[in-house]
Amino acid sequence: MAITRRSFLVGAAGAGIGFGLGALSHQFPLASPHVGPDWAPNDETFVASTCLLCPAHCGIRVRLIDGRPVRIDGNPLHPVSQGGLCPKGRAGLQLLYHPSRLKGPLVRVGPPGSDEFKPIGWNAALDRVASALSSASQPGGATPVEWMVGDVSGVCGDLVAGFCGVLGTTRVSVDDYRDGSADLLGMCQGIATAPAFDLAGADMVLSFGAALSEAWWSPLHAARARDAEVAGRSARWVQVDTRLSRTAVGAHQFVAIRPGTFGALALGLTYVIVKEGLYDADLVARQVAGWEDWTGADGTPHVGYRTLVLRHGRSDEVSARTGVPVATLTALAKQFGGARRGVAVWDQGVAWRSGGMADALAIHALNTLTGRLGRRGGLLVQGPMPGLPGPAEQKAPGAVDLASAPLTATSWPAAGSDPKVLFLYHANPVASLPDPDTARQALARVPLVVSFSPFFDESARCAHLILPDHTYLERWQDALAPAAVPSPVWGVVRPVVKPLVNTRATGDVILGLATRMGGSAAAWARWKSVEDLVHERGLSLAGAGRGSAFVDRFRQRELGEVEGRGWWLPHGQKPEEFWQTIVDSGGWFDPLIDYEDGASRSQLPDGRVWMFPAEARARLSKSGRALAEGFLPIDESLEARDGGPRDFPLQLIPFRVMTLASGGTPLMPWLLEHLGALNGSAWETWIEIGPETARSEGLQSGQRVRVESSRGRFEATVRVSPGAQPGVVSVPYGLHSRVEGWGEPNGANPLSAVGRAVDPVSGLPDWQSTRVRVVRI
Amino acid sequence: MARWGMVIDLDKCNGCQACEVACRSENNIAVGGPQAASEHRTISWMQVRAEVEGEWPDIRSRFVPQPCMHCDRPPCTLVCPVQATSIDREGIVNQIYARCIGCRYCANACPYTVKFFNWHKPDHPASTEPGLNPDVSVRPVGVIEKCTFCSHRLQKAREMARVETRPLREQDFTTACADSCPTGAIVFGNLDDPTHRVAELSRDPRAFRLQEGLGTEPKVYYLSRRD
Amino acid sequence: MNVDEKLGPTRRLALGALTVLMAVAGFAAGRVTFNPNGAVVQPIQFNHRKHVKDAGLDCSTCHQYYADHQHSGLPDLALCTGCHQQPMTKSPEEAKLIKLATTAAPPAFRKLFRLPDHAYYSHRRHVTLAGLPCTTCHGAIAETTAPPPGPLVQVVMKTCLDCHARRNVPTNCIACHR
């Protein structure tokens, strides 16, 4: 067939159009190729800093490629975490790179409650807050400024406290995990700090529900200590718990116990120890009070704990109450009494219950009786931290102390007048409180709510201004180790990367606000920045005459021995050198644990350690519970609440999970992907029930249910596990907060069912006295 | 020649899952989300599983961290029609993503269920891309992926050893999970080198392997006082 | 020509098929010619021969990383102005360089080789440790007087494997795949 003119033209036109389309096709790719930067040297560096995602404040070592953080590991030089890091610390990367981070400050444009915000400049935002503060803190107004803070530590906590002093307000509420043990030590020993547990030196650790492998004060301290060889043999860890927790699985022995009977078990153990003569009678006679009968200063006779134990601690009765078989109880008591370096540990699992103080006192009495106070492997008091200069340096009477400020969960919103300005710093009350509507209404009553959240969380949505903070990987700060570890550690938090978005460190914002307000406020804010402040603190440590920048483990031991003999080896000639070494290694610590300093024995005037002191007895007698003798941890009223077992046949016990945060932190998808290792739960709130309960309630694994109490309700998915005890519903706490945009869990706040229950004795939340029923949906 | 293997001490594991997250971070494992979780399609090269037996209050339990077993006689490689997965001369069972056609035969052949299919395009939001590990490629949709014993670290470690003209030492090459374990439960090394800790531990009287009866000869050993 | 104006069904079909065929061919040709990844355009018409042969510069003067990094590294224009702060020649390209280098975001030299993410190639391993000359993969790049639009030597997996086999270097998958 010959090529005609027509076919040539048509063909050429087709080819031309095709060619054009082909050339254009690159503009509309079907699949976008993975195109990175053209090339990069991929230089690897490591920077030491401190994790701020929970109160443990472990050392971190961030791997950077060309300055970008790509992995977070533990800092091997850190004296407590020793290179270990929990999954949450590793997932901090997802906080830094979270797609929903706020890109800069925002101001509300819509009506309260709406999500309508628009960007605002930092200067305009600060001016607005400063002028509101100036007009609010005119004399005459009663505490017009209020702060609500979460887990803040070091300089940032001190800046808040100091700024409150400048503003003339004491209205601060805190969302922390205090367990009342500082209160208890104050009554028993006159020491106003929470105890430290020398887990690494203990050959037996008897944990009363303490979440040592989970949400304890320093899970890494516990992880490092558990398999330690003590005096030539491996330590024995026993977990007494109401459910098969992670800690229980990881312990050498799991002792199952009924809810609310930890103290009763401690009483029963004491009974056996007394009967078997396994306690240090000589030491008790010399140093302990409250063991034998005594007469108070006002002439009132008191029955000694010894008599009470013999009266109420009989093994068969305790066994019937706690569900722990007599043989187990006896064996446990003999083990603990016979251990050379045993220690009994408790935490919120004991304390966050109405009457929980009685249980804690009975557990602490075990330590006292067996002479474990101030001994290697026993209960210690963390050595003193050298005084650090800073914004809350002078402790004026009436000044704000965050450690003893009221808990948000139990006290907010306070009755009476609403503040004119409310700051939310690492706090998300709308999500963390049982009743979001109450929290929203309380926020709506405040003329100016300022949130420092880096995310658009539930409470930030109710704010008028959002001044997003840097993440902890972008800012300066310092962080002390929790009181539960034996020696003081001062971790430096330093920016490992330049701020990724237009955020600003809240500490610097506070200093900026004070400067803008002028007068005494400006005089107080004498530091250029938080960095300046941390630097000043680091320099002051050069003059402390003890301690060292972080060093490896062998050097730690060496320095400890040197210091024990009264010597000190400074690790730098000039203070600046000293500081630089601290920054490079991650922080400062005191290598010496002085077991001989007597710091943990008693600071009371009579020099004695008290068991169930009169003050505690008096406080407990007002608990409103039917406690034996008015104060012993034997509670006759457990079953009688909430209309009895017929309407609400099950007991609810919320527990805390290592990877979930309190209020302020959004949830990192890595952590949600495999949330409940024990039952395979992911991305949702679950309840754990035993097979027996599942049968009686007609429930199956995987079903969605509503858990109802007389106070409220929440939804969850059922997981049937042999590790859950009959009649008990356990539920993880911490999935209440969510940030839209990446990895949104199907979470619920179990506190909706718990309500605002407070233990009147300790002022702590009461999480374990709620009866519920489970309804299929 | 090295024979890489792992020993996991179940008596030491406390179930913290640091290994899981360290693995995700090191190997750029995408977030599956609630949807994938509900379909049992979450990708996790390392998984801490829990064994819970008995009746309340007499419960026996332990955590079993489970990576790929890197079998000496791997069933997965036998069924691959395109040789995208094979056992390396040093015992690492590899997966070559560019070669994989996504037939999922290997995932079905694996008795340990540690081969994962990318059912969806891996989700790495743009803001998280700077946080990806440049040493590991991001997998496309439609291929199988699995634990590699962090073989990208071996590539670099071997190169570094040659730069410093010395043999590869035990501490030069370890996996992200072994690195991350705060209780030291996971140990990695050369099973054939008597100076490596894994060689000694794998001969411990407590040592066993999962589903030994299948004859897959796994190179991940477990230690447990319990049977 | 009434017959031609009204085409028979067979011819009409043939013409249609031809058009489609030509359109497909044209599409492919257009796609290849205008592939943005196919041709690499450099900001400056850099003359390798002048710098290497005439000026006697070492490769590492500009490719600073090849000895101890994965990537060889490409110079940024700031590096060029280390020598070319003042014009050294009358070359219009040099004038362009000096002008570009002072802009706020100077353009960068682009690399020719596009290695997929899943393959590991290290210059240190091949150049420093194995002692391969640059020409093995880069050919006569040092002789060029203008930047080539693509690699002078086509390197595909077979190139790697053949070379590895010849030199008795491991060819196992995970020596390179990742």
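Just so you know, these numbers use all the heavy atoms, side chains as well, and skip hydrogens, waters and symmetry mates.
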State the SG-CG distance between C/Cys137 and C/Leu132, to the nearest 0.5 angstrom.
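Between atom SG of C/Cys137 and atom CG of C/Leu132 there are 6.5 Å.
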Taking atom SG of A/Cys51 and atom CD1 of A/Ile72, what is their separation to the nearest 0.5 Å?
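It is 7.0 Å, given to the nearest 0.5 Å.
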What closest approach, in Å, do A/Ser100 and A/Gly741 show between heavy atoms, and which atom pair accounts for it?
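That would be OG-CA, 3.4 Å.
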Could you pull out the closest heavy-atom pair between A/Trp122 and A/Thr503, with the gap in Å?
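A/Trp122 and A/Thr503 have their closest heavy atoms at CZ2-C, 3.7 Å.
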For the interface with chain C, which of A/Gly16, A/Ala12, A/Ala13, A/Ala15 has the highest count of heavy-atom pairs at distances below 4.5 Å?
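Top count of heavy-atom pairs under 4.5 Å with chain C: A/Ala15.
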Return the orientation label for the A/Phe456 and A/Phe117 ring planes: parallel under 30°, perpendicular over 60°, tilted otherwise.
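Perpendicular: the ring planes of A/Phe456 and A/Phe117 meet at over 60°.
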Considering heavy atoms only, which positions within residues 60-83 of chain C lie below 4.5 Å of chain A?
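The residues closer than 4.5 Å to chain A, in numerical order, are C/Tyr65, C/His69, C/Gln70, C/His71, C/Gly73, C/Leu74.
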Under a 4.5 Å cut-off applied to non-hydrogen side-chain atoms, are A/Leu85 and A/Leu220 in contact?
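No. Closest side-chain heavy atoms not under 4.5 Å.
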Check ion pair A/Arg475-A/Asp469 (N to O, under 4.0 angstrom):
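Yes, this pair counts.
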Closest-packed option against chain A by number of heavy-atom pairs under 4.5 Å, given C/Ala25, C/Ala108, C/Gly26:
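Most heavy-atom pairs within the cutoff with chain A belong to C/Gly26.
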